[in-house]
Amino acid sequence: MDRKSCTGVVTGAIHIPTVSFGPKELNTTALAEFGEYIHSVFPTVFKTSFVQHEVIGEYSHLFTVQGSDPSLQPYMLLAHSDVVPAPDEGWEVPPFSGLERDGFIHGRGTLDNKNSVMAILQALELLLLRNYIPRRSFFIALGHDEEISGHNGAQKISALLQARGVQLAFIVDEGNFILDGFIPNLKKPFAIIAVTEKGAIDLMLQVNMTPGHSSAPPKETSIGILAAAVSRLEQTPMPNMFGSGLLKMTLQELAHEFPFPTNIILSNLWLFGPLVSRLMERNYITNALVTTTTALTMFNAGVKVNVIPPVAQAIINFRVDPAQTVQEVLELVKNIVADSRVQFHVLSAIDPPPVSPSDHQALGYQLLRQTIRSVFPEVNIVAPGICIGNTDSRHYTNLTTGIYRFNPLYLNPQSFRSIHGINEKISVRAYETQVKFIFEFIQNADTDQEPVPHLHEL
Ligand SMILES: CC/C=C\C/C=C\C/C=C\C/C=C\C/C=C\C/C=C\CCC(=O)N[C@@H](Cc1ccccc1)C(=O)O
Ligand SMILES: [Zn+2]
Ligand SMILES: [Zn+2]
């Protein structure tokens with residue numbers, strides 16, 4: 001595959017608007033087209049005898065790559081083909097054009113997460129074209145509804161594999177990146193492999209009051225009561241959980257990369273922990289790493305300008321810190337609202353998943369670490385951390401204790417804002433490096449102990 005056709009396949013993928021609009025609103029025509037598309041651009045993957053392909057939940061794809069050594073426990077690579085909506089406004093180029101310009105491929109899904117879908121399949125296609133036969137079996141699971149919770153894709157694939165008795169050595173999904181420019185004093189990029197992610201609660205608050213004529217309003221309306229309740233929640237931060245461990249571990253690994261005096265502060269968190277945890281609260285991204293966040297995302301009330309509204313509803317999206325549980329957060333919420341007229345309805349809730357191992361015996365973590373060192377030799381630090389978003393991997397905790405969320409890409413604050421925002425784009429070089437990373441990773445997963453230089457070069 002030459003360089004042009006390598007990026008051309010991404011352009012084609014971005015062009016298909018596989019948008020997940022809302023809980024049951026998917027572009028099924030585009031999802032079906034996407035299935036045909038990957039078939040047409042990765043013919044070797046689909047015709048190789050030891051690669052089995054199944055469609056799950058109508059539009060998700062499960063590939064089983066049968067390795068030659070059944071004594072090795074299989075692993076799984078995850079990605080998703082659906083994207084969040086992208087209205088044209090504010091984009092430099094139309095979001096579904098997939099236009100390649102100035103060394104970048106532009107469009108919705110270029111970072112989240114069609115890059116991974118295409119890079120995984122492209123790496124496999126290239127390995128197969130070079131007659132590579134993996135020793136260790138692996139699965140590739142491509143969900144189609146990650147952006148609306150993964151109930152028909154990831155959840156069904158997980159149940160199917162469980163029914164087949166599959167247990168996995170580890171899973172690699174989207175999530176964290178090689179972070180560049182997020183911390184003011186830290187000029188060097190560092191790779192964070194997320195070993196857990198936030199839990200999540202979608203909570204509906206509802207107030208019912210007697211409706212009536214707006215010319216003689218009661219002292220309080222459903223809107224006023226609800227607005228006060230959600231405002232109290234927004235103004236009352238959840239407890240800072242910095243002391244609980246994982247983030248401390250991340251910062252300690254980063255410490256020696258900082259100039260004086262930050263290096264001393266981060267190396268002595270037993271003393272400076274309270275100071276650091278307060279500093280983390282000041283920035284909205286680092287704040288998400290130390291606490292359960294509260295986001296007021298929907299508000300609905302009123303039927304007519306001159307009618308006192310009978311019902312007011314608000315939805316709040318909490319991202320639960322790994323050191324807390326859904327139950328603990330719900331208790332805190334009820335105490336903060338402290339108004340019996342406000343009803344609570346939990347629409348969905350999931351506890352944070354367990355923290356995956358990152359020690360020397362943790363195969364998935366060590367393979368990622370070694371492949372990062374090989375493909376990104378300029379990156380000095382690889383550390384375990386927390387993913388602030390939710391991923392399809394949360395549906396697979398029944399299959400393995402080793403779940404790692406890492407995209408082999410650089411991410412700076414501007415590209416971070418483009419994910420679910422505007423002007424999402426990936427450089428051609430970054431995409432090619434992602435393919436190279438997966439190409440090497442699959443071969444490294446076949447080595448017995450420490451990955452050694454592999455036979456097939458890209
Ligand atoms: C010392 C500190 C170390 C590092 C921190 C510094 C900065 C952290 C900076 C950036 C964070 C990096 C990556 C996070 C980027 C994206 C989030 C990852 C994946 C999210 C995928 C996603 O969007 N999932 C949805 C899933 C969902 C769908 C519908 C309803 C609920 C959930 C989501 O989370 O919303
Ligand atoms: Zn995603
Ligand atoms: Zn997303």
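Values in this document were obtained by computation on a predicted structure and should not be read as measured data. Remember, it's 1-based here, ligands and their atoms both numbered in the order they're listed.
Residue-level proximity to ligand 1 for Leu179 is carried by the side chain, the only part with a heavy atom below 4.0 angstrom. Proximity of Glu146 to ligand 1, defined as any heavy-atom pair under 4.0 Å, is shared by backbone and side chain alike. Proximity of Ala200 to ligand 1, defined as any heavy-atom pair under 4.0 Å, is not found for any part of the residue. Contacts between Asn317 and ligand 1 below 4.0 angstrom, taking non-hydrogen atoms only, are absent altogether. With a 4.0 Å cut-off on non-hydrogen atoms, His80 does not touch ligand 1 at all.
In this structure, His53 has its ring center under 6.0 Å from that of Phe46.
Each salt bridge (Lys or Arg N to Asp or Glu O under 4.0 Å) pair with one or both residues in residues 386-398, not counting sequence neighbours, would appear here, but there are none. Sorted by first and then second residue, the salt bridge (Lys or Arg N to Asp or Glu O under 4.0 Å) pairs with a member in residues 181-206 read Lys188-Glu257, Glu197-Arg405; sequence neighbours excluded.
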Next item on the list: Give the C-alpha distance, both sets of side-chain angles, the deciding distance and a yes or no for ring-ring contact (aromatic ring centres under 6.0 Å, His included) between His80 and His144.
Entry: CA-CA 6 Å; His80 64 89; His144 71 276; over 10 Å; no

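Expressed to the nearest 0.5 Å, how far OH of Tyr404 lies from CG of Leu78 amounts to 13.5 Å.
For ligand 1, the atoms closer than 4.0 angstrom to any heavy atom of Glu174 are 21 (C). The Cys387 neighbourhood of ligand 1 comprises atoms 18 (C), with distances under 4.0 Å to a heavy atom of that residue.
Closest protein heavy atom to atom 30 (C) of ligand 1: Ser149 OG, 3.8 Å.
Shown here for Gln434 and Pro408, the closest heavy-atom pair between the two residues is CG-CG, 3.6 Å.
Of the listed residues (Thr286, Asn390, Ile178, Ile285), the one carrying the non-hydrogen atom nearest atom 8 (C) of ligand 1 is Ile285. Evaluated by nearest non-hydrogen atom to atom 32 (C) of ligand 1, the leading choice among Met280, Glu147, Arg394, Lys198 is Arg394.
Protein N/O/S atoms found under 2.8 Å from the Zn ion (ligand 2), listed by chain and residue number: His80 NE2, Asp112 OD1, Glu174 OE1, Glu174 OE2.
Within a 6.0 Å sphere centred on NE2 of His15, other residues, nucleotides and ligands contribute 12 heavy atoms or fewer.
By the side chain to side chain donor-acceptor pair (under 3.5 Å) test, Thr44 is found to be paired with Glu125, residues two or more places apart in sequence or in another chain being considered.
No option in Ile315, Leu203, Ile316 other than Ile315 meets the side chain to side chain contact (heavy atoms under 4.5 Å, CB included) test with Leu347.
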